[in-house]
Undergrad: 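The structure is given below, and queries will be raised subsequently.
Just so you know, ligand 1 is whichever comes first in the structure, and atom 1 is the first atom listed for that ligand. Quick note: residue numbers are just sequence positions, from 1.
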Amino acid sequence: MALRFYNTLTQQVEPFSALHDNTVRMYTCGPTVYDFAHIGNFRTFVFYDLLRRWLHASGFKLDHVMNITDVEDKIIRNANAAGQSIGEYTAKYTQAFLDDCATLRLERPERLVKATENIPAMTDAIRRLAEAGCTYTSDGSIYYRIAAFPEYGKLSHNDFSGIRAGARVDVDEYDKADARDFVLWKAAKPGEPVWETEIGPGRPGWHIECSAMAMKYLGETLDIHAGGVDLIFPHHENEIAQSEAITHKPFARFWLHSEHLTVESQKMSKSAGNFFTLRELLEQGYAPETIRYALLQVPYRRKLNFTFDGLKAAKASIDRLRSFQLRLDTDKPAEGNNEAVEKRTAEAREQFESSLDNDLNTAEAIAAIFEYIRDANTALDAGEFRAGNVAAARDLLARFDCVAAVLEPSEQKSGLTDEQVQARIEERNGAKKARDFARADRIRAELLEAGIVIEDTREGVRWKRS
Ligand code: AMP
Ligand code: ZN
């Protein structure tokens, strides 16, 4: 069976193909750069990366656009508090986001586009909406009249027919219960950035940003639009209302939404205060690929509960994968080719690929690899796995890693300060004096794990970062 995705719009799993020349035109909602992103956000960005990589591996070309929201209520508030312009303020967090993405081995979209660099596309879209009779102005702000779009609610599968016409919201984020006319263009206010434009002075709302930039760069109908489930309503519902009222064409053919990363069944978020940034976890000594693996292993439409045990299990899984790879590189199997092993390798590859084809079922895809490794290790122990079988096994691992991207070890930087290392060494010295060698060895191993190599010399203990 070919590649297929669950489409939020139709609530069905559908076979996927690209509309034009085998090139997937894809838009994914990017970060609001008001702070460091947390690993909940990164679950969604890792999902985009998985989607990209599997589309590529399946033979598609990509034209992937992701926005950077660099003008928004929270940004304005924080920049004012820091006494900076929004440009200065967002530059720091945009760079931090790009660095974090690189750390997590996320491929760069073909285009990263900033809201502030695309204001004319937004005012143009608002002008066209006004011409289509979908807008009205109140106190200098321009609103979208949702009653003008009878299909409003088709993505989130809500019936909004009974809502009060004319009630409106100025904030960008709100609940289903608050479905109202939403703001497209916010009137200029003291202390806020302002653009002088053909539709008057002001700044764009969040929703028009994505409609305008998606259509500017990718055309009127996208193949895929993706985001976290929290974006289905109102953000993506509003994007459809805006884009389709202008073009009268379907805005996106496939809508893909990833579920949340949770902590004790609550969504990880800045506002709940239950979040970890990537940087925090790295400081605690977790490798980037461990975090990437932990975020990838649960299929994207299932909630993923974050735990430190989960991270440890992810590390153990990567260790197993690497040990098998090492074995393929260093064992010297006897000449020849074992047909049963050959068949088993082909079968594992088939299972791996068909699991990802099935709406990116990473859990099954990974299970296929681990079951294979178990069987291949048994065959290696028994001398059945032959030299002629190695290449196909290596290929399978490479196929796995072209989407998983976890096999290559990253440079481990120790999160420990010099003082912390010194304190651990004192502890170890104490343990040795007390002839508790097991404990001394354990401390040495823990330091090694954290990237610190220690050496006992006549002059005492020397250490260095590996
Ligand atoms: P933001 O920077 O808040 O606009 O969010 C960026 C992306 O992260 C959006 O696509 C959100 O849907 C996603 N997101 C936010 N919180 C979580 C979470 N706890 N789990 C998964 N994705 C999230
Ligand atoms: Zn968006």
Undergrad: May I ask whether His38 has any heavy atom positioned less than 4.0 angstrom from an atom of ligand 1?
TA: yes
Undergrad: Please report which non-hydrogen protein atom sits nearest to atom 3 (O) of ligand 1, along with the residue it belongs to and the distance in Å to one decimal place.
TA: Asn41 ND2, 4.1 Å
Undergrad: State whether Asp230 and Lys267 are salt-bridged, where the test is any N-O pair (Lys NZ or Arg NE/NH1/NH2 against Asp/Glu carboxylate O) under 4.0 Å.
TA: yes
Undergrad: Would you say ligand 1 has an N or O under 3.5 Å from any N or O of Asp230?
TA: yes
Undergrad: Would you mind reporting whether Ile366 and Phe352 have side-chain heavy atoms less than 4.5 Å apart?
TA: no
Undergrad: What's the shortest distance from atom 20 (N) of ligand 1 to any protein heavy atom, and which residue and atom give it?
TA: Leu261 N, 2.8 Å
Undergrad: Can you spot which of Glu192, Glu209, Glu72 makes a salt bridge (Lys or Arg N to Asp or Glu O under 4.0 Å) with Arg203?
TA: Glu192
Undergrad: Numbering the atoms of ligand 1 from 1, which are under 4.0 Å from a heavy atom of Tyr48?
TA: 10 (O)
Undergrad: For ligand 1, is any non-hydrogen atom under 4.0 Å from Tyr93's backbone (N, CA, C, O), its side chain (CB onward), both, or neither?
TA: neither
Undergrad: Tell me whether Phe45 has any N or O atom under 3.5 angstrom from an N or O of ligand 1.
TA: no
Undergrad: Looking at ligand 1, does any of its N/O atoms fall within less than 3.5 Å of an N/O of Gly40?
TA: yes
Undergrad: With respect to Phe306, which candidate in Phe42, Phe276, Tyr286, Phe275 satisfies the ring-ring contact (aromatic ring centres under 6.0 Å, His included) definition?
TA: Phe276
Undergrad: Looking at side-chain heavy atoms only, is the closest gap between Thr135 and Arg145 below 4.5 Å?
TA: no
Undergrad: Indicate, with yes or no, if the rings of Phe45 and Phe97 have centres closer together than 6.0 Å.
TA: yes
Undergrad: So for Ser269, does at least one of its heavy atoms come nearer than 4.0 angstrom to any atom of ligand 1?
TA: no
Undergrad: Can you find a side-chain donor-acceptor pair between His236 and His257 that sits under 3.5 Å?
TA: yes
Undergrad: Distance to 0.1 Å, residue and atom name: give those for the protein heavy atom nearest to atom 16 (N) of ligand 1.
TA: Lys267 CE, 3.4 Å
Undergrad: Closest non-hydrogen protein atom to atom 9 (C) of ligand 1, residue and atom name please, with distance?
TA: Leu231 CD1, 4.0 Å
Undergrad: Provide the protein N, O or S atoms situated under 2.8 Å from the Zn ion (ligand 2); waters are not included.
TA: Cys29 SG, Cys210 SG, His235 NE2
Undergrad: Regarding Thr221 and Arg253, do their side chains bring together a donor and an acceptor under 3.5 Å, going by distance alone?
TA: no
Undergrad: Any atoms of ligand 1 less than 4.0 Å from a non-hydrogen atom of Gly228? List them with their elements.
TA: 10 (O), 12 (O)
Undergrad: For Val169 versus Tyr143, what's the shortest heavy-atom pair and its separation?
TA: O-CE2, 3.7 Å
Undergrad: As an exercise, identify every atom of ligand 1 less than 4.0 angstrom from a heavy atom of Pro31.
TA: 2 (O)
Undergrad: Whether the Tyr93 and Asp70 side chains hold a donor-acceptor pair (N or O, under 3.5 Å, no angle test) is what I'd like checked.
TA: no
Undergrad: Heavy atoms only: give me the nearest Met66-Pro31 pair and the separation to one decimal.
TA: CE-CD, 4.3 Å
Undergrad: Taking atom types as modelled, is there a side-chain donor on Asn118 or Tyr217 under 3.5 Å from an acceptor on the other?
TA: yes
Undergrad: Where is the nearest protein heavy atom to atom 19 (N) of ligand 1: which residue, which atom, and how far?
TA: Met268 O, 2.8 Å
Undergrad: When the aromatic ring centroids of Phe251 and His225 are compared, is their separation below 6.0 Å?
TA: yes
Undergrad: Using a distance-only test with no angle check, is there a side-chain donor-acceptor pair under 3.5 angstrom linking Thr307 and Asn305?
TA: no
Undergrad: Strictly under 4.0 Å, does any heavy atom of Phe306 approach an atom of ligand 1?
TA: no
Undergrad: Using a plain distance cutoff, I'd like to know if Val229 has any nitrogen or oxygen under 3.5 Å from a nitrogen or oxygen of ligand 1.
TA: no
Undergrad: Which is closest to atom 13 (C) of ligand 1 by heavy-atom distance: Ile39, Thr262, Thr44, Thr32?
TA: Thr44
